[in-house]
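First up is the structure itself, then whatever we jot down about it.
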Amino acid sequence: QVQLVESGGGLVQAGGSLRLSCAASGRTFSTYSMGWFRQAPGEEREFVAAISSSDQATYYADSVKGRFTISRDNAKNTVYLQMNSLKPEDTAVYYCAARQYVNVRYSPNGYQYWGQGTQVTVSS
């Protein structure tokens with residue numbers, strides 16, 4: 001099993017940046033593919049970005065491509081989401097998720113473990 005703890009959320013003006021971190025417990029972090037999802041009030045949880053466990057290939061939703069960057073540091077058991085050029089529509093609770101497979105999934109159902117979420121609010 002793995003436990004995930006997100007941090008780094010907050011309030012930022014449009015055009016600003018934030019970096020989210022997700023710290024994972026356990027000694028097998030490198031074997032997990034990791035994803036970031038977000039959920040706005042009244043909306044379904046949606047895919048944001050993911051990084052595979054094997055070749056660290058990265059994947060992005062079209063809405064964040066070119067603005068967000070996912071990365072991982074296996075030595076620190078941490079995955080990051082660098083968010084630049086933030087827009088008010090990026091406002092949501094952001095969740096980190098893990099799946100113990102080499103490939104990623106775009107559906108939340110594909111992930112076995114979830115963090116508690118961190119709020120990101122972008123003001124206009």
Side-chain angles (χ1 to χ4, degrees):
Q1 284 207 356
V2 63
Q3 292 183 325
L4 306 173
V5 179
E6 301 99 333
S7 61
L11 174 64
V12 64
Q13 288 189 334
S17 298
L18 283 174
R19 189 176 81 155
L20 305 183
S21 299
C22 173
S25 64
R27 295 178 292 176
T28 59
F29 174 74
S30 63
T31 67
Y32 288 82
S33 291
M34 303 297 296
W36 285 98
F37 290 78
R38 66 187 182 187
Q39 188 167 19
E43 302 290 331
E44 293 187 351
R45 194 167 296 189
E46 66 172 2
F47 172 79
V48 175
I51 185 166
S52 68
S53 64
S54 55
D55 57 2
Q56 299 196 16
T58 57
Y59 306 84
Y60 298 94
D62 287 343
S63 59
V64 307
K65 203 171 292 183
R67 300 188 298 123
F68 291 11
T69 302
I70 187 172
S71 61
R72 65 189 299 161
D73 185 337
N74 289 337
K76 295 183 178 179
N77 280 16
T78 302
V79 63
Y80 304 97
L81 186 68
Q82 177 66 43
M83 304 186 296
N84 298 329
S85 302
L86 282 161
K87 305 175 181 179
E89 51 264 44
D90 294 319
T91 295
V93 177
Y94 283 70
Y95 296 91
C96 172
R99 56 182 267 113
Q100 200 168 19
Y101 297 95
V102 299
N103 52 357
V104 305
R105 286 289 183 265
Y106 298 111
S107 168
N109 294 333
Y111 291 79
Q112 302 154 283
Y113 306 102
W114 291 85
Q116 82 289 350
T118 185
Q119 177 70 47
V120 171
T121 303
V122 184
S123 63
S124 56

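Along the sequence shown, residues are numbered consecutively beginning with 1.
A side chain to side chain contact (heavy atoms under 4.5 Å, CB included) with Cys96 holds for exactly one of Leu20, Thr78, Val79, Thr118; it is Val79.
In Gln3, the CD atom is not crowded: 12 or fewer heavy atoms of neighbouring residues, nucleotides or ligands sit closer than 6.0 Å. In Tyr101, the OH atom is not crowded: 12 or fewer heavy atoms of neighbouring residues, nucleotides or ligands sit closer than 6.0 Å.
In terms of hydrophobic clustering, with Ile, Leu, Val, Met, Phe, Trp and Tyr side chains grouped at heavy-atom distances under 4.5 Å, Tyr60 and Val48 are assigned to a common cluster. Linking ILVMFWY side-chain heavy atoms closer than 4.5 Å, directly or via other members, places Leu18 and Phe37 in two distinct hydrophobic clusters. When the side chains of ILVMFWY residues are joined at heavy-atom separations under 4.5 Å, either directly or via intervening members, Val104 and Trp114 end up in a single hydrophobic cluster. Following chains of ILVMFWY side-chain contacts shorter than 4.5 Å, one cannot reach Val93 starting from Tyr113, and the two form parts of different hydrophobic clusters.
Here the CG atom belonging to Leu4 is positioned 11.5 Å from the OH atom belonging to Tyr111, to the nearest 0.5 angstrom. Atom-to-atom distance recorded for Ser63:OG and Asp90:CG is 7.0 Å, nearest 0.5 angstrom. In this structure, CZ on Arg38 lies 9.0 Å from OG1 on Thr91, to the nearest 0.5 angstrom. The distance from atom CD of Gln56 to atom CD1 of Ile70, rounded to the nearest 0.5 Å, is 10.0 Å. Separating the OG atom in Ser123 from the CD atom in Gln13 is a distance of 5.0 Å, to the nearest 0.5 Å.
For the pair Arg105 and Tyr59, the minimum side-chain heavy-atom distance is 4.5 Å or more. In this structure, Gln100 and Val2 have side chains that are not in contact, with every pair of non-hydrogen atoms separated by 4.5 Å or more. For the pair Val12 and Met83, the minimum side-chain heavy-atom distance is 4.5 Å or more.
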Derivation of the side chain to side chain contact (heavy atoms under 4.5 Å, CB included) call for Gln119 and Leu11: CA-CA 8 Å; Gln119 177 70 47; Leu11 174 64; over 6 Å; no

Starting from the C-alpha separation in whole Å, work towards a yes-or-no answer on side chain to side chain contact (heavy atoms under 4.5 Å, CB included) for Phe68 and Leu86. CA-CA 9 Å; Phe68 291 11; Leu86 282 161; 3.8 Å; yes

Mind running ring-ring contact (aromatic ring centres under 6.0 Å, His included) on Trp36 and Phe47 for me, showing each step along the way? CA-CA 7 Å; Trp36 285 98; Phe47 172 79; over 10 Å; no

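Counting all heavy atoms, side chain and backbone alike, Pro88 lies closest to Ser124 at CG-CB, 3.9 Å. Here the shortest heavy-atom pairing between Gly26 and Asn77 reads O-ND2, 2.6 Å. What you find for Glu6 and Gly117 is that their closest heavy atoms are OE1-N, 2.9 Å.
Using modelled atom types, one finds a donor on one side chain and an acceptor on the other under 3.5 Å when comparing Asn84 with Ser17. A donor atom on one side chain and an acceptor atom on the other are found under 3.5 Å apart for Asn103 and Arg99.
The cationic atom of Arg72 (NZ for Lys, CZ for Arg) lies less than 6.0 Å from the six-membered ring centre of Phe29 and within 45° of the ring axis. Within the cation-pi definition used here (under 6.0 Å to the ring centroid, within 45° of the axis), Arg19 qualifies as a partner of Tyr80.
Under the ring pair (Phe, Tyr, Trp, His ring centres under 6.0 Å) criterion, Tyr95 pairs with no residue, sequence neighbours left out. Under the salt bridge (charged side-chain N to carboxylate O under 4.0 Å, His left out) criterion, Glu89 pairs with no residue, sequence neighbours left out. Listed by chain and residue number, Lys65 satisfy the salt bridge (charged side-chain N to carboxylate O under 4.0 Å, His left out) test with Asp62 (two or more places apart in sequence, or in another chain).
A side-chain donor-acceptor contact under 3.5 Å links Ser33 to the backbone of Ser53.
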